[in-house]
Each structure stands twice: as structure tokens, then as C-alpha cells.
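First comes the structure, then the notes that go with it.
Protein chains get the first letters and strands the later ones, always in sequence-line order, with residue 1 at the start of each.
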Protein chains: 4
Amino acid sequence: MPDGDNNGVLDARQVRTRAKLQGAMLALLAEEPFERITVRAIAEAAQVGYATFFRHYPDKGALLHDLADDEITELLGRAAPLFTADDTRGSCVALIAYVAERRALWRALLTGGAAPILRERLVDQSRVLALKLGGPPSESRSPLELRVTYATSAVLEIIAWWLREGEAMPIEEIAAILDRLVIRPTLAEG
Amino acid sequence: MPDGDNNGVLDARQVRTRAKLQGAMLALLAEEPFERITVRAIAEAAQVGYATFFRHYPDKGALLHDLADDEITELLGRAAPLFTADDTRGSCVALIAYVAERRALWRALLTGGAAPILRERLVDQSRVLALKLGGPPSESRSPLELRVTYATSAVLEIIAWWLREGEAMPIEEIAAILDRLVIRPTLAEG
Amino acid sequence: MPDGDNNGVLDARQVRTRAKLQGAMLALLAEEPFERITVRAIAEAAQVGYATFFRHYPDKGALLHDLADDEITELLGRAAPLFTADDTRGSCVALIAYVAERRALWRALLTGGAAPILRERLVDQSRVLALKLGGPPSESRSPLELRVTYATSAVLEIIAWWLREGEAMPIEEIAAILDRLVIRPTLAEG
Amino acid sequence: MPDGDNNGVLDARQVRTRAKLQGAMLALLAEEPFERITVRAIAEAAQVGYATFFRHYPDKGALLHDLADDEITELLGRAAPLFTADDTRGSCVALIAYVAERRALWRALLTGGAAPILRERLVDQSRVLALKLGGPPSESRSPLELRVTYATSAVLEIIAWWLREGEAMPIEEIAAILDRLVIRPTLAEG
DNA sequence: CTCTAATCGAGACGGTACGTCGCGTCTTACG
DNA sequence: CGTAAGACGCGACGTACCGTCTCGATTAGAG
């Protein structure tokens, strides 16, 4: 939750400023690694005073999370059925289609300089979610934690590859690959 | 290749200093993310003058690579058979056993703050290697690039998990999981 | 002259606000140097909105002058007889008695953080006044400017000392000292 | 005593840098009030990196004191005889002559923006010195503290006036005025 | 075993980004 | 519809780290 939140009521100016900052961050992420993006560059790209940045976020990481956290939650919601639905293939298509809708955002987040951070956060959230949903106390051949970590990471890797280099490949095809390479083996292991 | 290289002939003092620097880097990596490790901290931990660091490496990234590159090459050499040998299960065991031998090193590199950097470098090297070995002009169901990216990342994820949290699990077991979750599906896809 | 002046006619609210601001300034001056008093602190101490300050004064210096200028004029009016009256001793007593009446104000102004500013302004005004009154084209042993500067500064120094540390000393005594140390020598010089 | 002092042993570079900083401070003091001189301006004028300033002084006040304190001590040493010697007139001449020798320095310190700070420090030091020398337990007509405060301030005022506006006036003349206006009345009071 | 050249410890320095604070302006939401 | 609250642009602050540089003081390894 962003800083300076006044009971969720934001001045119109604040809304505008945050939108500008988030846009600037996304734009810069497409160009260089997160660590090398300076707050000054963000402020400049956002056409916003340098100090103003800190009136909204304590550091650039907070801006990234403000950007990403809602999206992560949404994505995880779409990914959960992969491992619970009967029609894994269809779930894969649905997941990829969702990412495709927000292609620009996810390309910046997953193929840009923030990828490692996003990946870590997604894996963490997946773990939390999986433990909550829990399944039966695991009589599977490998620990739940390992399977979640693996599956999340692998799904992201494949999506990232597709966003980065496989734009020519149709959604159905990448979804099928995802299904065969990751989802089915993981389910078989459970 | 490190700086100050005098035809590959190193003064005894240089050898000592570099060893100290590498040891310090490994020790620090276990505690905090690579980005937050300062050259000053490395020099201090290595009991070495600050400027001395720069006589050996242009920056801390170079030190990390000097540390890691030989290991990466070695690891890739051990990993290649996974996808070529008949006995994938045995290859998995061999790979994991190798990692286990150098547990301290690989734990620092794969579970510490440098993990994203190492991962990226390993994936890159894998791709280079795979394209060089390059099987027949691919009649497989998914692009070689994708399979390499996926497989490398997945193998690393599983090894990292094992080093981080699965120390209780015997080598054979984690190797078997690796085989079932990653290697066989990838081969099936090829 | 303060801002927002509407032909010298002030809304009752404006009068109240300015009084609050002036009171706050005086209170703060007793505690810390003028330069370190922030407009925010003044507004807060005055229980007034931050922006409201600027509706009354362009900056904190203007508030100080609004506070001080009338008093300075009054004080100078009382001080002028020192150098013109026959009974210098009585004039000294009158001057000190006047300061004593407004002890709180003058203590804040002369011994607090604004002292250097006040001193400079008083010396300036003295000079202006002296040149206006300007005796005969000076056949004295030292320049009028020097004598005025010296005398003003010295009178202030003595009054400030009395306000700061000499509260035990009766008005007559400090007045006598002032007379002997400053007034008589200055007149003898003229 | 300046910062970073290593047993009084200074690197040649440090000596150079401090000299540059002090020169820059003096130059700037001649132009604008101390409070409005920025550290950035000092560093730039001294042709020195901004951060380097802080390696030598914690703030601009410390630089000013480093500049002034030795001079203050020296000046006080020259001023002490004023109140102890038989020949007050000669002592006045000696004092003014000393100031005249270092005219540039003292003009910057006493007529520039740092004047209030210098004045305060000088008065403080005078008080310390006077209490140390401390004549007989005072049977005088006014408190020693008051006389010291007055005399120091008055001497400074007269010197400052001379440096600021009275350059045409010969040393002997201003010394005589100083003697008549301040020294003799103060001694008479003691 | 000696001498000479390299390496080293120490740390000052110019530079750049940080995050904070205060000013004075200008917009906004609310009464 | 006016006014307080406070967001904003600006720019200085003091800090941290980078990578360069100069000093002497060791110390290795060639002769």
C-alpha cells in the first residue's frame, strides 16, 4: 500500500503524480536494469520534482511494488486453476491469454530489469497461496514447497521467453508447451 | 580474465590477495544481496587495502565473475549429459553429487544475493553451448531456445531449493525429482 | 508594511491572525536563533495554516520587521533625548524605564536569536535619524557616523546585557552606568 | 580545531585543500552574508569537490571558526594591554596597526556577513580572558562582565566602522577616538 | 643474499545519487 | 464560493560509495 495514504482518499494531484511515476518506471524498466534506474531519472521521466518522488514512495522499490503487487495477485489468481482444474490445457490458454492482454506491462516486469525481483516476489506469493490452499498433507513424491517453487519459476520462465522472443508463436502453442513441460509433470509428481 | 595479468604469471602476493578477496566475496554473499555489498566491505573482510581491490578487479562484478565463471563452465560440462546420455537418472545423480561436493560455493552463488546474476549467466552459457552442440535442425514441438532456457532455469531452481532448504534430502532423491520434473519432460518435448 | 493590506483596513480575522503570528514569533525567538525558526514552526505555534502565513507576510523576515519596526521607532524616539537633553542622566533613566516596561518584548528581540538583525536595523535607523536631525556641519573630533554607530551599538549592548543577566540591578544603576560609559563620552566627543 | 586531525599531522593534500577552502570562504564573505553562502558555492570557488568540503569541516560554521579562531586569539592578545597598560593611547595605536596589517582578513570577518558570529565569539572569548586575568574582586561601579561585554563590542564596532568606511582616516586618529570613546571611560568605570 | 621493482596499506580526492528539509507557489476539497 | 490544508517544484543539506590518485613501506624473486 503506497505511502501518504489518507484513508484511501487521494487528492487528484496525487493520483496524477503517482500515475506519472508508475508510467515512468515502466518506461525505464524496458530499457535498463532496475538497479541502475535512479530516482532522479524516474522523476525526470515523470516530469515531476525529485523530492516529490519521496512524498509518494520511500524508495524506488516501493514504486515497483505498488506497480506490481496488484498485478501479481491477479496473475496468481489466474494461475491457480492450472493445478486444480481438470482441463489443464484450457487453463494454460486462459493464463497466457490474460498475460497477452497486458503484454506491455508484463513484458516490462518479466523481461526488463526488474525480472529477478518480480520472480522472487511471485514465487513467495505462490508459496503462501499454495500453503493456504494446502491440499491433503502431501503423500506425494516430492515436497510441496519444491513443487511450488519449481512450477512458479518455470511458468514465469516460459512466459518471459514468450514475451521476449516468441511473439510470433500463437497463444495456443505456447500454452500447450507450458502444459506439457510444466503443468502435467508437476501434477504427476503431486 | 582478471586484471593486472602479467602473462598469466602471478606474484605470490597477488595470488594471496585474490584468494582473500574471493573468500570475502563468498562470505558476504551469504549474508546480503550482491548489489548491497560494497567494495569497501569486501576489502575490509579480506583484510586488504581498499585501493588494492581495484588493482585486481575493475569492479565487484568482475570479482564475482572471476569467482563464478570457471565453476559455471564446469557445471555446464556436468549438466550437458543430462540431455544426451541414455541414463538420465544417473546423470542427474552425478550432477547433484558434483554440486554437493562444492556445496558451500554453490550455496553462496545460488541462494545468496548473487543468484539472479548467476542464473542469467548460466542460462546464457547454456544457450551458447546448446546452439554449439546443436542437434539436428529441430523438428521438435518447441523451439530449442525455449527448451534450453526452461531447462536451465528449472534445474537451477531445483538445485537452489535443495541447497537452501532440502539439505535433509538425499542426493538420490533430489536427483530423481529433477529427472522426473525437468529432464524427461524436456527430452520428450525435443 | 505587511502584505494583503487593504487600504490599511484590516479584517478582524486578519488582525487576530497577525497577532497570533507575532506572538508565535516572539515565543520562538526566545528559544532559538531567528535563522533556525521555520515558517512551519511559526504557523504551528500560532495555530494557523501554513499557507496562511504567506497571506500576511512574504517571509519570516517581514513578520519580524512588522513586529519590530514600530517598537524601534518608539525606542529611537526615547533615545534621541540622550544626546540633546541637558539632563542625560534623567534621559537614561527614562529610556531604561521604557525598555523595562516592555521587558518581555525587548528581551526576545535583543537577547534572542534575532539580536543581530535588530541591532543592524536599529543602527541603520539611528543613522538616518541622526543625519536628519543633523547638528551643525560637524566640527567635532570624530565623524558623526562613527559616533552614532558606536553609541547605538553600545547602548544596545548595555541594555541587552541588563535584560539578559542584570535583572537584579535597579533601573537607576544601569542608567547611571549607561550615562557614564556611553552618553557622556560620546557627547564629549561631539 | 579542524576535523580529521591526525595528531596534527596533515597530508600535503589536506593542507592545500583547507587553504583553498579558507580562501574561498574569505572571498565569498566579502560579497554576501555568511548565512547565504552555500557549501556548494564554497566548494566551487575553492575548486574542490562538494563532498570534500565535509571531509574537512562538518559545516560552513566550522570552516569559519577554523579561519577565525587563531586570529581571534591573536587579536585578543593585542587588545588585552588596552586595559592594563599605562599608555592606553599607544596600545590603541598598536591594536589598530595590527588590524591594519591584516586589513583584508578583518574586513571580511567584521564587515561581511559573518560579523554577528565573529562578534559573539569575540565577546565570549573576551569574557573568558577577562575572568581569567580577573583583577581584584571588583570594587568598581559596574560589573566586570558588563564592562567586558561593552568594551569588546564597542571596540569591534569602531574597528568595523573604520574598515568599512573610514579608510581615509589615519591609524593615529581612529586610535585616538577609540581611546577617548571606549578605553578611558571603561577604565574610569573599573 | 642482495637489490630492485612490484605490490601493498592507507586514505584524500572528484564525482554522483541518495534521502531529508525548508521555502514559497498553487491546486483542491470542503465548509 | 472562499479558505484551510497541503501537494508541488526547487534547491541545499549532509552521507555513502565509486573509482582514481598519490604516498611510503614491505616484500618477492632475479641475479
Closest-nucleotide ordering on DNA chain F, the 5'-leading residue of D/Ile37 and B/Asp59: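 By nearest-heavy-atom nucleotide position, the 5'-most residue is D/Ile37.
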Could you pick out which residue, D/Ala41 or C/Thr52, lies toward the 5' side of DNA chain F when each is mapped onto its nearest nucleotide? C/Thr52
Starting at [atom1] of [X] and ending at [atom2] of [N], how long is that distance when rounded to a whole Å?
X	N	atom1	atom2	result
D/Leu21	E/dC13	CG	C1'	12 Å
A/Leu28	E/dA17	CG	C1'	15 Å
C/Arg40	F/dG6	CZ	P	10 Å
A/Lys60	E/dG19	NZ	P	8 Å
D/Arg16	F/dC21	CZ	P	15 Å
B/Phe54	E/dC13	CZ	P	18 Å
B/Asp11	F/dT26	CG	P	17 Å
D/Gln14	F/dC21	CD	C1'	15 Å

Tell me the closest heavy-atom pair linking D/Ala160 and D/Leu110, and the distance in Å.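 For D/Ala160 versus D/Leu110, the nearest heavy atoms are CB-O, 4.1 Å.
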Enclosure of [X] [atom1] (heavy-atom neighbours >12, cutoff 6.0 Å):
X	atom1	answer
A/Glu32	CD	yes
C/Glu35	CD	yes
B/Glu74	CD	yes

Name the nucleic acid region contacted by [X], choosing base, sugar-phosphate or nothing; use a 4.0 angstrom heavy-atom cut-off, strictly under.
X	result
A/Phe53	nothing
C/Glu35	nothing
D/Arg36	nothing
A/Gln47	sugar-phosphate
D/Ala12	nothing
B/Glu44	nothing
A/Val39	sugar-phosphate

For C/Tyr57, is the NZ or CZ atom of C/Arg18 found under 6.0 angstrom from the centre of its six-membered ring and inside 45 degrees of the ring axis? yes
Does a nitrogen or oxygen in the side chain of A/Thr17 sit under 4.0 Å from OP1 or OP2 of F/dC8?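 Answer is yes, contact under 4.0 Å.
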If the cut-off is 4.0 Å, is B/His56 near the phosphate of E/dT7, judged by side-chain N/O to OP1 or OP2?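 No, outside the criterion.
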Nearest-nucleotide wise, let me know which of C/Thr38 and B/Val15 is further upstream toward the 5' end of DNA chain E. B/Val15
Give a yes or no on whether a donor-acceptor pair under 3.5 Å exists between the nucleobase atoms of [N], that is its base, and the side chain of [X].
X	N	value
A/Tyr57	E/dG19	no
C/Arg55	E/dG24	no
A/Arg13	E/dT28	no

Using a strict threshold of under 4.0 Å (side-chain N to carboxylate O), is an ion pair present between B/Arg16 and B/Asp11? no
Nearest to the side chain of A/Tyr50, which nucleotide is it out of E/dT20, E/dG24, F/dC8?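 For A/Tyr50, the side-chain atoms sit closest to E/dT20.
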